[in-house]
Every structure is written in C-alpha cells, then in structure tokens.
There are 2 protein chains.
Amino acid sequence: MNLKELARKLDLSPTTVSRALNGYPEVNEATRERVAAAARKYNYQPNTRAIRLATGRAMAVGHVIPVATRHEIVNPVFADFIAGAGEVYSRNGYDLLLSVVPDDDEERAYRELKSRGTVDGVIVHSPRMQDERIPLLHDLGIPFVVHGRATDSARPYPWVDVNNRRAFQRATEFLLDLGHRRIALLNGLEFMDFAIRRRAGYEAALAAHGITPDPAIMAAEEMTETCGHRLGVALLSAPNPPTAFLVSSMIMGLGLRRAIEERGLRMGRDVSVIIHDDELSYLRNGDDVPIFTATRSSVREAGRQAAAMLIGLIRGEAGAPRELLMEAELIIGQSTGPHRG
Amino acid sequence: MNLKELARKLDLSPTTVSRALNGYPEVNEATRERVAAAARKYNYQPNTRAIRLATGRAMAVGHVIPVATRHEIVNPVFADFIAGAGEVYSRNGYDLLLSVVPDDDEERAYRELKSRGTVDGVIVHSPRMQDERIPLLHDLGIPFVVHGRATDSARPYPWVDVNNRRAFQRATEFLLDLGHRRIALLNGLEFMDFAIRRRAGYEAALAAHGITPDPAIMAAEEMTETCGHRLGVALLSAPNPPTAFLVSSMIMGLGLRRAIEERGLRMGRDVSVIIHDDELSYLRNGDDVPIFTATRSSVREAGRQAAAMLIGLIRGEAGAPRELLMEAELIIGQSTGPHRG
DNA sequence: TTGAAAGCGTTACCAA
DNA sequence: TTGGTAACGCTTTCAA
C-alpha cells in the first residue's frame, strides 16, 4: 500500500493525504481523521526511501566507532549509551547507523558520510584532548554531539557529559563522612578529560575537610586489571596504607580486589572501595560483592539526552541547551568506616 | 555533482554513464575509462537515496538488539561480532543498521523493518530453543543469518556458529593430558544450545579416557559472577575437590577466581582453569593472571563470515554454504598438572 | 481546504 | 554501443 493507492481509496489526491498524515495545518480536521483511519486500516507505511529522496534528508544518525589498530578490544562503552540513544531515534523516526572504521581512517569515514549523505548527524565518542574531529565536523557542516568533553577545543561545540568532578567529590565526601582520612585515588591516565575532572573533585572534597592530598596514595595509570592489582599491592603494603579507595574503572577495581583479597582482607569490611565507571557499566557486581559503584544507568540516559540534542540540532531547533552536564547516579551497596565497624 | 551533470560534462547520456560506472558489459572500454576518469576528477558520488529508491534495495543490513525488559545489561556480545560484520558490510557498500528494541517487542520490529523496507537482510543474535524469529523471518521473506544455532528449528536456516562441542572436547583433553582426572564443568544454563553442546564435548573427552562424568562436579547455572563464586566455593570445599575447572563464561570465571583466591590458592598454579567464552571476549586477562582462555578473535571472524553469508543470500547467490561451523581459537596461557608443578 | 504537476537522482526497459 | 523515457514513491510549489 503506497500513498497513491491510499489516496485512491479515499478519493483524495496524494497531496492531501500526505499533508494529513504529516500534520500540516491547512487540512480539514474531518479529512485528517478519515485519512488517519484509512492509513491504520490498510496499514499504510510510507516508503522511507522515497521520503529520503524527496526531502533530501537521510533520516539516519551515525555513530562512528573507531576500532582495532591499537587496542584489540572494541570498547563496549557504546552498548548502554547506544541503547539509550536508539530509543530516542526510533521514537523520532531516525535510523541508527553504525559505522565501524579502523581508527586511523576516521576522517575519511566522516567525509564519506557527508558526501554520500547517509546521515543527518553524528555522535562523537571518547573525545580526545584537542580532538581533530570537532573542527572537521564543523567544517563539513555535519551536526554532531560529543559524548564527553574535549578540553582545549577552540570553538564551542555541543556535548553531553557526566559530572565527573561532582561524582568524585560526592564519593570522597561519603568516605570522609564514614571517618576515612586516608583515601587513595586510582585514576585513569590524566591526559583524558574525565580523569582530570575526577581528580579535581577528589581534591576539592579533601580540601573542604582540611586534608592535604597525599601524592603517595594518588595514582593515574592505564585502566587495566594489571595496573589495579599492582597499585593495590603497592599501596596496601606501604607504611600507613589507605583505609579506602576511590577507583576510576571497573576493570582496575577487579585488580584492586584481587590485591585486597590476597592480603586476607575483604572489600567493604576491612577496606572501603568506591568504583566509578561510566564506561564499563555492563559489569555488575554479584549481590554478595561489597563494591560500591557510582553511575549505572546514567550512561543510558546520557545516550537518550545526546540523541535528543542531536535531533534538535538536525531540525535546526534553536534555543535548546547545547551543553548538558548529567549527575552520576550513586549506588551504595555496603559500607563501613575505617575501623572495622 | 550528480549523474546528469557528469553526463553533460562528458557529452554522454546519464544512462551510459551509469552503465559505465556500474560495470555493465555493453559499454565501450574507451568510454568506460573516460567516464571513470571524469568521475574521479569531479569526485562524483552517486546519491545513495536515489539508488535505493530506484532499485528498491535498502543497501543496509539490520542487527536487531533485544534489550532491557528482563536483564538490565545490554549484552556486549555484539561488540566484536559487529565489528567483524561491519568490515564486510562497508566493503560491499552496505550500511549497518542497529535497531535497539525492547525484547517483548521484537516481532513488531522485524515486521516494521520489512514493511518499511529499511533493510535487505538481518542477523539474528542469541538464538533460543525454538526461536520464533526463525519462522517469522522465513514468513516475512527477509534474508537472515543466525549467529549460533537454534536447536529444534523445524526448517533449515542459515547459521554461523562456533564449534562449542569440539572446543570443550579439546579443552578437556588438554587438562586430561596434564594429568587431571577430576575436572569440574561450570556451564551456562543447559536450555541454551551452546551449553548443551559444550557439555557434550566435555563428556566425550572424558569418555574417551574411560572416565565417567561425575555429576557432583558438573554445574549448569546462570553465567554470573555470583554463581561462579558460589559454585567455586562449594566445589572446592567439598571432599575430593576438582583439580581443574572448565568454565563456560568469562564472568563466571571471575567469580571462580575469587573463590579460588579466597582459599589461598592460585589459579594456574594450584588449580588449572580454562575459560571458554565466545561472547564476552572483550575481557582480557592481565598479563600476570594465569587464566587460560579459549576463543578470542573468533567472534570477530564469525561476524565477518555471517555478514558475507548474508550478503550472498541477499544477492541470491546460490551454491554458497549456508551453514558454517567455526573452530574456536585456543589460547593457552600457563598450565600445570594436578600435583603442583 | 484541495489538487495537479514538477521535482528528487538514480536505474531499467525499449529503441535505435 | 548508446540514448530517450518511464518508473521508484514521496514532498513541494503553485494554482484553484
């Protein structure tokens, strides 16, 4: 069933039917209802390909996933985020195009997306320091939203980010309130935007309590299990070890857990640990595992928000906010003070 | 620059130019080269939207990701698989459409994909026992390839799967060769196709060595960390504990590791463990963590193969195999016999 | 408030 | 080997 056929059934012109279905104001309310009823009855589905050609819009949004050359893992960040974004896209009639490209070839991918007109907009993942993609997309004139922030960008750009600073500030405060005074920070490499912000939050909370950060219990390393383990061993076996840990990544947390247990201690009882991770949020703690985690479904919500922002941008809706700082959800499992209580 | 403009520059008809560019045999070789040169010179990119409308093809493949209602995690299986598939799609000019749908709504999603004609074919993930999607897709006439196998399907259907039976047989044999005689099996729930096959492989290897499987050290549970931990604790504290473990999932393996370490033992030294996982293969072991894993980049390769098969199906290429059993890659890290050493 | 007709940029059929 | 013309199914003027 296509538009012409439907129009014939209704004894109307395709024009009118199209207008009725697309909510144009000039059509008679009675007509509109007749049309809507018929469309339902005959299960009319407009042909997307025709719409795309006629309007010149792609009705699709691209997520370019850089992959492979350096790391062998596909970063699964995207799972939750994309699930959230996907909801919004389908509600708005947009398709979600996934473009997997070798990460040394990203520029070409964006150029092609533009020249072939396959998408109306793009979401940029894992921004780097002075991310070249931002000026590139600006130049190409492709609407885009960045998931995260790219410190040092010359021009302003639209983004959705989790409030990493505040999340770490709150987590630190929580530990301070429990009575901890030696709180270690296991951070990601601090050339990444989020890592810098996380450290700032941690330091701010300490400062508010009159505590000077001790570089001996602050680390910024690759977010791997190996690093988490090594750092845990080192910190726990040093004199005056921390009583609590604030960890930037779930994977690092696994390594830390191993280190803690190797010493015959237990997480959540002998040592308090808060793990914040807005990337690998698919990994849940077993119910009996006393890890405290911050941020969970926030990533999904961030996906929704980014998608909504992008669609607004595509439609040229002015006025909507172009920068969105989301508060991390804080999930507390089991907690204890520094002195076994 | 569109076809008509390019044709005008060349003093040819759009028809001829189109034919030249699309490799039709009837065009003069000299003309073809002139056209190709001009296309390059003017950086002509055919308009995908027009092609799609004119041909009726979508030039896109759909991956429907069921999500949310029951589990709260998006299964990250798809990451590696999709990366592999994506390579093949883009090489063949197909877009990859990701459709995230609530898992109680999958049927509607497929029907809509069909009626709106957004894709030419579909990949089905995580098949269930008598998966309703298979007859549905058959009925709808959408070409599809299943990643995995759906036991009990009435009709034949195209699939790509990892040889789970053989992988577990080989892993068990490896442990037997090291001298282990009490090898525990930590399997996923055995209503899933792959779990059944894995158990069969395990039992076959034991049988070949004249060992009767001991139900006391065989478990089939949810593939979570909690279950892995609980089973590990139970098995290790029972009389006559296993000296080796064969585990079906990386996440379960994490729980088992915890159980082992809680008892002051070390994986790979005191207890041998092989973890097989063709789903959560993004999780790597730290270099110093003596877990042995089977199957890694196989998932990616499976994605490639499935994509190639689907494209063949879409193009109606006959003769190509419709069923593909892939051997799992076996990665051995560090190993030891049952008697320390 | 409705309709006719001209695109949108290709491909595909039929002639030449 | 090439070209003219009609699709493909919608949206978008312009006219009534």
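Lettering of chains follows the sequences in order, A, B, ..., and the numbering in each one begins at 1. Note: hydrogens, waters and symmetry copies are ignored here, and every other heavy atom, side chains too, is used.
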Decide, yes or no, whether a salt bridge links Glu5(A) with Lys9(A) under the criterion of side-chain N to carboxylate O below 4.0 Å. no

Donor-acceptor pair present, Arg52(A) side chain and dG9(D) base, under 3.5 Å: no

Would you say Ser18(A) reaches dT11(D)'s phosphate, i.e. side-chain N/O to OP1/OP2 under 4.0 Å? yes

Is the phosphate of dC8(C) approached by Asn47(B) (side-chain N or O, under 4.0 Å from OP1 or OP2)? no

Residue that, paired with His138(B), satisfies ring pair (Phe, Tyr, Trp, His ring centres under 6.0 Å) out of Phe144(B), Tyr157(B), Tyr110(B): Phe144(B)

Can you check whether Tyr44(A) has a side-chain N or O nearer than 4.0 Å to OP1 or OP2 of dC10(D)? yes

For Arg19(B) and Pro46(B), find the nucleotide of DNA chain C closest to each by heavy atoms; which residue's nucleotide sits nearer the 5' end? Pro46(B)

When you measure from the side-chain N and O atoms of Tyr24(B) to the phosphate of dA12(C), is any distance below 4.0 Å, counting only OP1 and OP2? yes

Thr16(A) vs dT2(C): side-chain N/O to OP1/OP2 distance below 4.0 Å: no

Leu53(B), nearest nucleotide to its side chain (from dG9(C), dC14(D), dC10(D)): dG9(C)

Quick one: label Leu3(A) by what it contacts on the DNA or RNA (base, sugar-phosphate, nothing), any heavy atom closer than 4.0 Å. base

Under 3.5 Å donor-acceptor, Arg32(A) side chain and Ala20(A) backbone: yes

Among the nucleotides dA5(C), dC8(D), dT2(C), whichever has the atom closest to the side chain of Thr15(A) is dA5(C)

What class does the angle between the rings of Tyr89(B) and His63(B) fall in, given that below 30° is parallel, 30 to 60° is tilted and above 60° is perpendicular? perpendicular

Ignoring backbone atoms, test whether Thr55(B) places a side-chain nitrogen or oxygen under 4.0 Å from the OP1 or OP2 oxygen of dC8(D). no

